[in-house]
Amino acid sequence: MARAGQTAGVAVGLVLLLGGCAVPAAPVEDSAPTLTTAAGSPTSGTATPSGAAPSESTPSGTTPSGWQTFTTSDGLSFDYPPDWTAKDPGGDLGGAFVDVTNAAGKPMAQLRTNIVTGAECTEQYPYQVYDSQDLQSLVEPGSADRGVPRYVFESRGDGTGPAPTTMAAYGITMMPEETGPLACPMFHLFLWPPSGALFGGSYDPANNVTPGPASLPYLEKAKRYAGTAEYQLIRKMITSLRPAEATK
């Protein structure tokens, strides 16, 4: 997925190195996605404070009380907790390149835009889905036939992980929900002009605080993580993503 000869140097785990799945109607201009996702070079964004303490129930399109709002230069906004940090170092090739860290400096998620999408489902793997929610706010006008972007926290593989063949990750996908015993690789990309984008992260016990003994299998830790307060903050942040003009 190289664009203008530049690749992102961070293994985000959002497009899992297990093969690939095609996104309907997305441009296919490169090879199957890998753990190191290629994106456009960063551009500047702005972070603005918005109010008081976070609420567990926030109306759609409304910034949670006390949270900040980050707006990219190419028209996306999302909300994030007041003690977290969202940074885009800036660049000149176009596209957002935002890293979100918590108060301890641990990576929670990444937002990348101007990503070329396209791959094929060549293999299938055991999977688990821990959480899923449709995101109507990211449906492009006139693209209803492409499906609704969906937030998902899921895993592939049955090993100890994290590894190329076993990985859990949360993010936004255009892929339909899995129905059989096996699934295509995770493909956490969605359509956003001029090509595609991603917003999410891979589950890493070293970064993501998880209840239970350290000896638990990786996928059991991922399942437990879905019930933590930290995960709920991540979920609320990612599902707040919307076109900037929809910011309230």
Side-chain angles (χ1 to χ4, degrees), residues 3 6 8-10 12-14 37 39-115 133 135-140 149-153 169-173 188-202 207-208 229-248:
R3 180 182 181 276
Q6 183 164 351
V10 181
V12 295
L14 303 177
T37 304
S41 189
T43 56
S44 60
T46 57
T48 55
S50 68
S55 168
E56 287 303 315
S57 178
T58 304
S60 177
T62 302
T63 301
S65 180
W67 286 36
Q68 301 183 82
T69 299
F70 191 99
T71 299
T72 70
S73 60
D74 52 3
L76 283 171
S77 291
F78 67 91
D79 308 317
Y80 62 100
D83 57 345
W84 291 15
T85 301
K87 290 184 178 181
D88 185 334
D92 58 4
L93 294 180
F97 203 89
V98 186
D99 291 327
V100 182
T101 55
N102 65 11
K106 300 287 188 179
M108 295 288 100
Q110 299 173 329
L111 172 63
R112 305 286 187 261
T113 63
N114 213 13
I115 296 175
Q133 175 186 328
L135 299 178
Q136 293 287 343
S137 62
L138 294 177
V139 176
E140 288 189 87
R150 179 170 57 96
Y151 169 81
V152 65
F153 179 26
Y170 42 82
I172 301 172
T173 183
H188 291 184
L189 295 174
F190 62 97
L191 299 177
W192 181 253
S195 50
L198 64 83
F199 190 24
S202 56
N207 294 325
N208 306 107
E230 180 182 273
Y231 170 75
Q232 293 302 319
L233 294 176
I234 291 173
R235 184 188 198 280
K236 183 180 291 188
M237 175 180 69
I238 295 175
T239 58
S240 76
L241 189 68
R242 60 203 180 266
E245 60 269 21
T247 302
K248 297 180 182 180

Once you round to the nearest 0.5 Å, how far does OH of Y80 lie from OG1 of T101?
9.5 Å
Flag, side chain of T113 to backbone of A197, donor-acceptor distance under 3.5 Å
no
Taking only residues two or more places apart in sequence, or in another chain, which ones meet Y231 in a side-chain hydrogen bond (donor to acceptor under 3.5 Å, both in side chains)?
D131, Y151
Closest non-hydrogen contact found for W84 with I234 is CH2-CG1, 3.7 Å
Once you round to the nearest 0.5 Å, how far does CD1 of I115 lie from OG of S195?
7.5 Å
Which value, rounded to the nearest 0.5 Å, describes the distance between T71 atom OG1 and D88 atom CG?
12.0 Å
Distance col, row M237:CE vs M108:CE, nearest 0.5 angstrom, shows 8.5 Å
Taking C-beta and beyond as the side chain, do I238 and I172 meet within less than 4.5 Å on heavy atoms?
yes
Compare all side-chain heavy atoms of F199 with those of L138 and state whether any distance is below 4.5 angstrom.
no
Name all residues meeting the side chain to side chain contact (heavy atoms under 4.5 Å, CB included) criterion together with S240; count only those two or more places apart in sequence or in a different chain, and write none if there are none.
F78, D79, R242
Work out which heavy atom in A169 is nearest to a heavy atom in F153; give both atom names and the distance.
O-CD1, 3.2 Å
In Å, rounded to the nearest 0.5 Å, how long is the span from OG1 of T72 to CH2 of W192?
7.5 Å
Scan L198, L135, V152 and name whichever one has a side chain to side chain contact (heavy atoms under 4.5 Å, CB included) with T173.
V152
Contact summary for T239 and Q133, nearest pair of heavy atoms
CG2-OE1, 4.0 Å
Rounded at 0.5 Å granularity, tell me how far CD in E230 sits from CZ in R235.
15.5 Å
What are the two closest non-hydrogen atoms of A86 and V98, and how far apart are they?
CB-CG1, 4.1 Å
Heavy-atom pair with the smallest gap, counting every atom of V139 and P149:
CG2-CD, 3.8 Å
How close do P243 and S137 get, counting heavy atoms only, and between which atoms?
CD-O, 3.2 Å
